[in-house]
Amino acid sequence: MKIISFDSAICRNLEQGLRREWLETNQFSGYASSTILGANTRRQHGLLVAQLKPPLGRYMLLSSVEEILYIDDVAYPLSTQLYGDSVCPDGYRNLSEFNLLPFPTWVYRVEDIVLTKSIIFLNEEQTVIIRYQLVEGDDTLVRLEVKPLTAFRHVQDLTYQNGRLSTELGVSSNRVRFAGLYFHHDAAILDQSGSWYCRVYYPEEKCQGLDFEEDLYAPFRLVYTFSEDREVFLCTSLEDREVVPFSELVLKEEERRYRLLKDIHIHDPRFQILAYSGRTFLASPFKADSSSFLLSKENGSSVSDDVLREFLSANGTIHDRFTMKDEQDRSKIILKTSYHSDFDQARDQLIGLHGLALTTKQYQIARHVLAYYANRLERGLLPNRRGKDEDDYGAVDAPLWLIHSAFEYLTYSQDREFVEQNLFPALNSVIEAYIKGTDFNIQVSSDGLVSGGTSKKALTWMDAQIGNWVVTPREGKAVEIQALWYNALMAMVQMAEWFGKTTLTHVCKSLAERAKDSFNRTFWNPKSGYLYDCVEGNRKDGTLRPNQLLALGLPFPILNPSPEKWRSVLDVTRQHLLTPYGMRTLAPYEANYSKTCEGDGFRRSRAYHQGTVWTWLLIPFVSALLRTSDDPKRAKEEFSTYIQPLVKHLEDRGLGFISEFFDGDPPHEARGGIAQVLGGGAVLQLYEILS
């Protein structure tokens, strides 16, 4: 299957090859990821990254492998590594093809030899298998040398050569144990001499103003020969696996993946692969169990002192293996927000849920996610960002998105029993909390609109902060919060009627009517012909942003159905905010507009919602556009051409994924996470709307 595939024109182009990244996950929040050249360009790249300390404890274990192919004793590099301005080895020059599915697979052509390499990251295991297959050529002339390069650090840290790392190996037949990792292999020769690879260079880190070099340790060297079956393996795992033929494990995983593809009933292969990639965001809310990852307090390790202290238990060893507590837990599912980010965000997951689960009719996934967040409500709020020590409940919109998503799930699935018994009481608690008032001054004001926020805390989705400095201050009554509040009330009215909750029906309907009346009197900007972005007392912010689109594009629009006003909003936002990849967060003519989002953390945070383009905002825009169109069919056909760049983007950066956001100015370079639940879910939802 070659839905996403590249030939030598891309594979042997250093710049083009390094910008394209692949990603595999295991549903335990672990992953494997790198560029299609095999060269790591960021500290988060690696072949075995395991979740060791939930929720923010991903650790880099196996960073990469160095590979040299020998033909009649002549050495040809296959791997690629960056060292400052140097590329050594430069195996990409021998790379003729890369295919993404069913596994990331590289095809090397050297003289008369054709060798393939595949990375198989096993589902629900902390195990990665590397398979090498001799496709063409005389096996008696060929041998392959492989060195695993390890890091043993938190995924956000870097490691350096030091004398604290225990280099002791535990060697038995076709197995090497090193620092708690098990390497199973079928190599002909094992060379137990280890070595450091110093100052490996990560250009993406340098671009972000971060430390960009680290040292990796190769604990041993393997030499493979190819027999009649013409394939060899290296399996790296946190578990001492039973002796199972590697080919059987690979075949089982391959069959699982093809079943997943077959179950996606989308005819367009480009959107099919996006739906398939959406399963990358699935994870199980498991707990770490005491098991077998060993780091000796006496011998030390290559990790920093702080990380080492996190690893070590009182007796100097730790056993963080990642298995489910029981089979019931194994069936539970949540979503991850972004890769390679280490945090989860309820808001983003709930917005992306429609495309990832409802569009694809994977209702079981939606049930798990909705139940998970319904059970995590406190004082009517959701933990919008999970922290190392405690969760951040500072998001005024996340609980309202939960109500919206629950209503959409009910509309699609007709699963009234589940919603009534498992979700509805929690949804009602959100309404009650907002009426009474809750944290961060979030409350329903006397005019029926929701206000909230402080000068030192951003509560809306435009939540970038640098210390106590709120980059995009929107304290008071933000326009999309009113749209979400009204939408939530109307959804509750509908559900309360279905469930026979007469009193609640009247209460929510009355609140909705008051909110809508106040909104239309307060938020319309007659001078500019669009909605104010935020209102606080007598201060009305007329900055042109896309947040107002939710007042038109949600299932229950809060803006009165005035054709003139609706068309005016759409015309202005189309003219100044619409791009081929989504909607700008700020009009280019505004004073604080940032045309790009790059540089160090300060500059990126400052630009995060000041002009950057977000794909998910196309959903309310297109929905409103179709509602106002005299010819919806023609409007769909017209807008279908707008999303072609997004489809093409699936083959550009995070392969099979939509990036977190894009620069405001052309060429709209992709920024942020290479795979983001918001963007992927939005494009799938767009596909549904336009189809």
Side-chain angles (χ1 to χ4, degrees), residues 1 22-34 38 45-52 54 58-65 99-106 116-133 146 148 150 155 174-178 180-186 231-263 276-286 288-289 291-293 320-324 327 329-333 336 339-340 655-656 675:
M1 180 177 293
W22 56 270
L23 170 68
E24 297 267 295
T25 65
N26 64 353
Q27 204 165 313
F28 281 2
S29 298
Y31 68 83
S33 180
S34 188
H45 278 159
L47 301 185
L48 180 54
V49 179
Q51 176 75 286
L52 300 184
R58 286 200 189 111
Y59 284 81
M60 179 69 61
L61 304 178
L62 179 63
S63 177
S64 61
V65 289
N99 299 307
L100 184 64
L101 296 177
F103 316 114
T105 298
W106 294 257
T116 67
K117 165 190 171 182
S118 298
I119 301 287
I120 302 98
F121 202 58
L122 298 185
N123 189 52
E124 294 190 348
E125 292 194 34
Q126 304 284 23
T127 300
V128 62
I129 297 175
I130 307 176
R131 177 182 64 185
Y132 302 93
Q133 294 178 301
V146 177
T150 62
V155 74
N174 298 112
R175 189 201 74 169
V176 181
R177 185 176 187 273
F178 171 66
L181 273 183
Y182 293 91
F183 298 88
H184 302 264
H185 64 89
D186 51 3
E231 65 178 8
V232 296
F233 298 87
L234 172 62
C235 173
T236 307
S237 179
L238 281 176
E239 300 182 30
D240 189 5
R241 303 186 57 86
E242 295 181 3
V243 179
V244 177
F246 299 121
S247 56
E248 291 184 14
L249 292 173
V250 173
L251 179 61
K252 180 180 178 182
E253 179 65 18
E254 185 174 10
E255 290 174 345
R256 185 191 70 85
R257 296 182 183 209
Y258 279 126
R259 284 197 303 271
L260 291 177
L261 274 170
K262 186 179 179 180
D263 289 342
Y276 172 81
S277 298
R279 297 188 69 88
T280 295
F281 298 106
L282 303 184
S284 300
F286 60 90
D289 198 3
S291 178
S292 77
F293 195 82
D320 276 334
R321 184 205 237 149
F322 302 82
T323 56
M324 298 298 169
E327 289 301 315
D329 281 341
R330 183 178 290 276
S331 68
K332 295 179 180 178
I333 298 170
K336 305 300 293 181
Y339 285 90
H340 304 93
L655 301 181

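Atom set for the values below is all heavy atoms of this structure, side chains included, hydrogens, waters and symmetry mates excluded. The first residue in the sequence is number 1, and the count goes up from there.
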- Message: Nearest 0.5 Å, please: how far is OG in Ser247 from CD in Gln133?
- Response: 10.0 Å

- Task: Give a yes or no on whether the backbone of Pro102 and the side-chain of Arg257 come within a donor-acceptor separation of less than 3.5 Å.
- Result: yes

- Could you go step by step and tell me if Leu48 and Phe121 meet the side-chain contact (heavy atoms from CB on, under 4.5 Å) rule? CA-CA 8 Å; Leu48 180 54; Phe121 202 58; 3.6 Å; yes

- Task: Identify, with sequence neighbours excluded, every residue that meets ring pair (Phe, Tyr, Trp, His ring centres under 6.0 Å) alongside His185.
- Result: none

- Atom CG of Leu52 and atom CD of Gln126: how far apart are they, to the nearest 0.5 Å? 7.0 Å

- Task: State whether the side chain of Gln51 and the backbone N or O of Arg58 hold a donor-acceptor pair below 3.5 Å, judged by distance alone.
- Result: yes

- Show the numbers, then the answer: is there a side-chain contact (heavy atoms from CB on, under 4.5 Å) between Glu124 and Phe28? CA-CA 6 Å; Glu124 294 190 348; Phe28 281 2; 4.1 Å; yes

- Note on the structure: dist Leu62:CG -> Ile130:CD1 (nearest 0.5 Å) comes out at 6.0 Å

- Message: Among residues at least two apart in sequence or on other chains, which ones pass side chain to side chain contact (heavy atoms under 4.5 Å, CB included) with Thr25?
- Response: Leu23, Tyr31, Thr280, Tyr339

- Item | Test side chain to side chain donor-acceptor pair (under 3.5 Å) applied to His340 - qualifying residues, sequence neighbours left out | Ser33

- Task: Supply the atom-to-atom distance His45 NE2 to Ser34 OG, rounded to the nearest 0.5 angstrom.
- Result: 5.5 Å

- Query: Quick check: does any side chain N or O of Ser277 sit under 3.5 Å from a backbone N or O of Gly656, one acting as donor and the other as acceptor?
  - Reply: yes

- Can you sort out the partners of Tyr276 under side chain to side chain donor-acceptor pair (under 3.5 Å), two or more places apart, ordered by chain and number? none

- Query: Looking only at heavy atoms, which two atoms of Glu231 and Asp186 are closest? And how far apart?
  - Reply: O-OD2, 4.2 Å

- Glu255: side chain to side chain contact (heavy atoms under 4.5 Å, CB included) partners, not counting sequence neighbours: Leu251, Arg259

- Query: Can you name the closest pair of heavy atoms from Met60 and Ser63 and give their distance?
  - Reply: SD-CA, 4.0 Å

- All side chain to side chain donor-acceptor pair (under 3.5 Å) counterparts of Arg256, not counting sequence neighbours: Glu253

- Task: State the CZ-OG1 distance between Phe183 and Thr236, to the nearest 0.5 angstrom.
- Result: 4.5 Å

- Does Phe233 have any ring pair (Phe, Tyr, Trp, His ring centres under 6.0 Å) partners at least two apart in sequence or in another chain, and if so, which? Phe246

- Message: Test of understanding: with side chain to side chain donor-acceptor pair (under 3.5 Å), list the residues that count as partners of Ser64, not counting sequence neighbours.
- Response: none

- Nearest-0.5 Å distance that lies between atom CG in Leu655 and atom CH2 in Trp22: 10.5 Å

- Only counting residues at least two apart or in another chain, list the ones meeting side chain to side chain contact (heavy atoms under 4.5 Å, CB included) with Glu125. Leu122, Thr127, Arg241

- Item | side-chain contact (heavy atoms from CB on, under 4.5 Å) between Lys117 and Val146, intermediate numbers included | CA-CA 12 Å; Lys117 165 190 171 182; Val146 177; over 6 Å; no

- Query: Does the side-chain contact (heavy atoms from CB on, under 4.5 Å) test come out yes or no for Leu238 and Leu181, once each step is laid out?
  - Reply: CA-CA 5 Å; Leu238 281 176; Leu181 273 183; 3.9 Å; yes

